[in-house]
Every structure is written in C-alpha cells, then in structure tokens.
Amino acid sequence: MSTPVIGVLALQGDVREHLVALAEADALARPVRRAEELAEVDALVIPGGESTTMSKLALLFGVMDPLRARVAAGMPVYGTCAGMIMLADKILDGREDQETVGGIDMTVRRNAFGRQNESFESGVAFQGLDADPVHGVFIRAPWVEAVGAGVEVLAELPAADGPESRIVAVRQGNLLATSFHPELTGDHRVHAYFVRMVEEHLAAA
C-alpha cells in the first residue's frame with residue numbers, strides 16, 4: 001500500500017505541529033490552502049485556531065465548497081478544537097453567520113471549557129488506543145453537547161460541576177474530531193489512529 005498523502009488546512013492554527021505529527025505517524029503531510037491543493041491529498045486535518053476566522057478564510061480562499069464536496073464523497077478528515085467545530089452540523093454560541101464544513105451529526109458548544117486563561121491539560125481515555133491515557137491539551141476548547149445515532153463517542157471527561165461527562169472525541173464514518181490538541185504533546189497516537197483510518201479508506205476504494 002502506498003503511503004497516504006494527508007493535508008493540513010493551513011489557514012490558521014497549529015499547522016506545523018500537525019505536519020510533524022502526521023510525518024511521525026508515517027504519512028506524507030503537506031499544507032493545503034487552496035482547492036487545487038485539496039484535490040491532491042487523500043485526507044485532511046483541520047487544526048485548532050479561531051473557528052469563525054477559519055470559516056471566513058476558508059470561504060475567502062475558495063476552499064469551503066470543495067472541502068464540503070470531498071467530505072460528502074467520503075474523504076477522511078480529522079478536526080482538532082476549532083476543527084471539531086468546523087466538522088459539526090450544529091454549533092452553540094457561534095456567530096449567526098458562521099459556516100461549517102459539517103459532516104458529523106453532532107452539536108458542539110464553542111469555548112465550552114472556558115477562556116484562554118482557563119486552558120488545562122488532562123489525561124484522556126481514548127477508545128481504540130492502548131490503556132495509557134492520551135495527553136490532552138484543552139485551549140478555549142469546545143465540547144460535544146449531543147450526537148446523533150451514527151456518531152461513535154471515543155472519549156469523555158468528567159464534568160467539573162456535576163456527575164455528567166463531557167464528550168471530547170467522536171467519530172462518524174471517515175470523520176474524526178477531538179476537543180483537544182494532541183499535536184502539542186509529542187504523543188502521536190491519535191494521529192496514527194487517523195492515518196490508519198485513511199489507509200483503510202484507501203484500501204476499500
């Protein structure tokens with residue numbers, strides 16, 4: 001099997017860190033800013049950043065509609081933090097004019113864990129990986145308020161203010177999303193998980 005080519009949407013956010021993490025997970029990684037670059041990759045990572053700005057830039061650079069079309073056609077995409085918001089079908093606390101790529105049947109709340117100075121790190125038990133928790137970095141992070149029947153919940157965190165848990169990682173088909181930033185930790189297991197998703201998709205094509 002040939003090595004998968006995975007792009008990182010290079011409009012904003014931790015682009016370099018994702019490129020490094022994907023390379024460490026044995027993928028060919030390259031930045032993607034325009035539709036013609038998107039057409040040359042097998043899959044895409046949407047990094048963290050500011051989701052409203054990222055949405056505007058995706059429209060400005062002409063990549064939003066081609067990305068929606070690729071998602072609808074089954075291209076694997078992994079979104080972290082703002083990338084999770086970009087993959088959500090519904091957003092809470094977003095701007096009225098904010099657009100998303102969509103694709104995951106979930107409702108996501110922006111900045112749910114608090115402001116920048118309330119950022120934190122936590123171990124995250126991630127289904128499909130080994131027993132050791134993933135090191136999660138949460139920076140103005142969203143959480144998932146609700147999911148549809150076709151969405152698999154991969155990770156939750158206990159709520160600080162009650163007995164409920166907050167959903168922080170999900171998968172629906174070829175789409176993966178996390179509230180946290182694994183690219184900032186040196187633990188590349190979530191990226192390796194995504195690379196395996198891409199390889200399985202390519203093998204089945």
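- Here Ser51 contributes atom OG and Ile46 contributes atom CD1; the two are 11.5 Å apart, rounded to the nearest 0.5 Å.
- Counting heavy atoms from C-beta on, the side chains of Cys81 and Ser179 never come closer than 4.5 Å.
- Looking at heavy atoms from C-beta onward, Phe138 lies in side-chain contact with Leu157 at the 4.5 angstrom threshold.
- A distance of 11.5 Å separates CG of Leu28 from CG of Leu19, quoted to the nearest 0.5 Å.
- Smallest separation of non-hydrogen atoms from Asp26 and Pro4: O-CD, 4.4 Å.
- Residues Ala125 and Pro133 share a closest heavy-atom pair of N-CB, 4.4 Å.
- Just one residue in the list Leu87, Val144, Leu176 forms a side-chain contact (heavy atoms from CB on, under 4.5 Å) with Ile104, and that residue is Leu87.
- The closest side-chain heavy-atom distance from Thr185 to Phe180 is not below 4.5 Å.
- Put simply, the side chain of Met75 reaches to within 4.5 Å of the side chain of Leu67, judged on heavy atoms.
- Counting only heavy atoms from C-beta outward, the side chains of Met86 and Val77 never approach each other to under 4.5 Å.
- Annotation for Arg33: atom CZ does not count as buried by contact number, only 12 or fewer foreign heavy atoms lying within 6.0 Å.
- Atom-to-atom distance recorded for Asn174:CG and Phe194:CZ is 8.5 Å, nearest 0.5 angstrom.
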_Could you go through Leu129 and Val190, starting from their C-alpha distance and side-chain angles, then the distance that decides it, and tell me whether this counts as side-chain contact (heavy atoms from CB on, under 4.5 Å)?_
CA-CA 8 Å; Leu129 302 183; Val190 178; 4.2 Å; yes
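- Once rounded to the nearest 0.5 Å, the distance linking CD of Gln127 with OH of Tyr193 reads 8.5 Å.
- Closest non-hydrogen pair, Arg109 versus Glu145, comes out as NE-OE2, 2.7 Å.
- Distance CD1/Ile91 to CD/Glu99: 10.0 Å, rounded to 0.5 Å.
- Taking the six-membered ring where tryptophan is involved, the planes of Tyr78 and His18 are perpendicular, since the angle between them exceeds 60° and thus also 30°.
- Follow the hydrophobic side-chain contacts under 4.5 Å out from Val20 and you never reach Val32; the two are in separate clusters.
- Between Val101 and Arg68, the closest heavy-atom pair is O-CG, 3.7 Å.
- Nearest heavy atom pair, residue Leu9 against residue Leu44, reads N-CD1, 3.8 Å.
- Residue Glu37 comes nearest to Pro31 through the heavy atom pair OE1-O, 4.2 Å, listed as atom of the first residue, atom of the second, then distance.
- For the pair Ile139 and Leu184, the minimum side-chain heavy-atom distance is below 4.5 Å.
- For the residue pair His135/Glu121, the side-chain donor-acceptor check at 3.5 Å is satisfied.
- A distance-only check finds no donor-acceptor pair linking the side chain of Thr178 to the backbone of Ala169 [under 3.5 Å].
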*Met197 vs Arg171, side-chain contact (heavy atoms from CB on, under 4.5 Å): CA-CA, chis, key distance, verdict*: CA-CA 10 Å; Met197 285 175 53; Arg171 177 178 178 180; 3.6 Å; yes
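- For the pair Val195/Ile6, a side-chain contact is recorded, criterion being any heavy-atom separation below 4.5 Å from C-beta on.
- If you chain together hydrophobic residues whose side chains sit under 4.5 Å apart, Phe61 and Val41 fall into the same group.
- Between the side chain of Thr107 and the main chain of Lys90, no donor-acceptor pair closer than 3.5 Å is present.
- Checked for salt-bridge contact, Arg110 and Glu50 meet the test: a charged N lies under 4.0 Å from a carboxylate O.
- Put simply, the side chain of Asp42 gets close to the backbone of Val5: a donor and an acceptor are under 3.5 Å apart.
- Heavy atoms of other residues, nucleotides or ligands lying less than 6.0 angstrom from CZ of Arg196 number more than 12.
- A 4.5 Å side-chain heavy-atom check between Val108 and Thr100 finds every atom pair outside the cut-off.
- In this structure a side-chain-to-backbone donor-acceptor pair under 3.5 Å is present from Gln172 to Asp105.
- The CE atom of Met106 lies 5.0 Å from the CE atom of Met84; values are rounded to the nearest 0.5 Å.
- Counting only distance, with no hydrogens or angles, the side chain of Arg70 and the backbone of Leu38 share a donor-acceptor pair below 3.5 Å.
- Note on Leu57: it clusters hydrophobically with Val71, by side-chain heavy-atom contacts below 4.5 Å among ILVMFWY residues.
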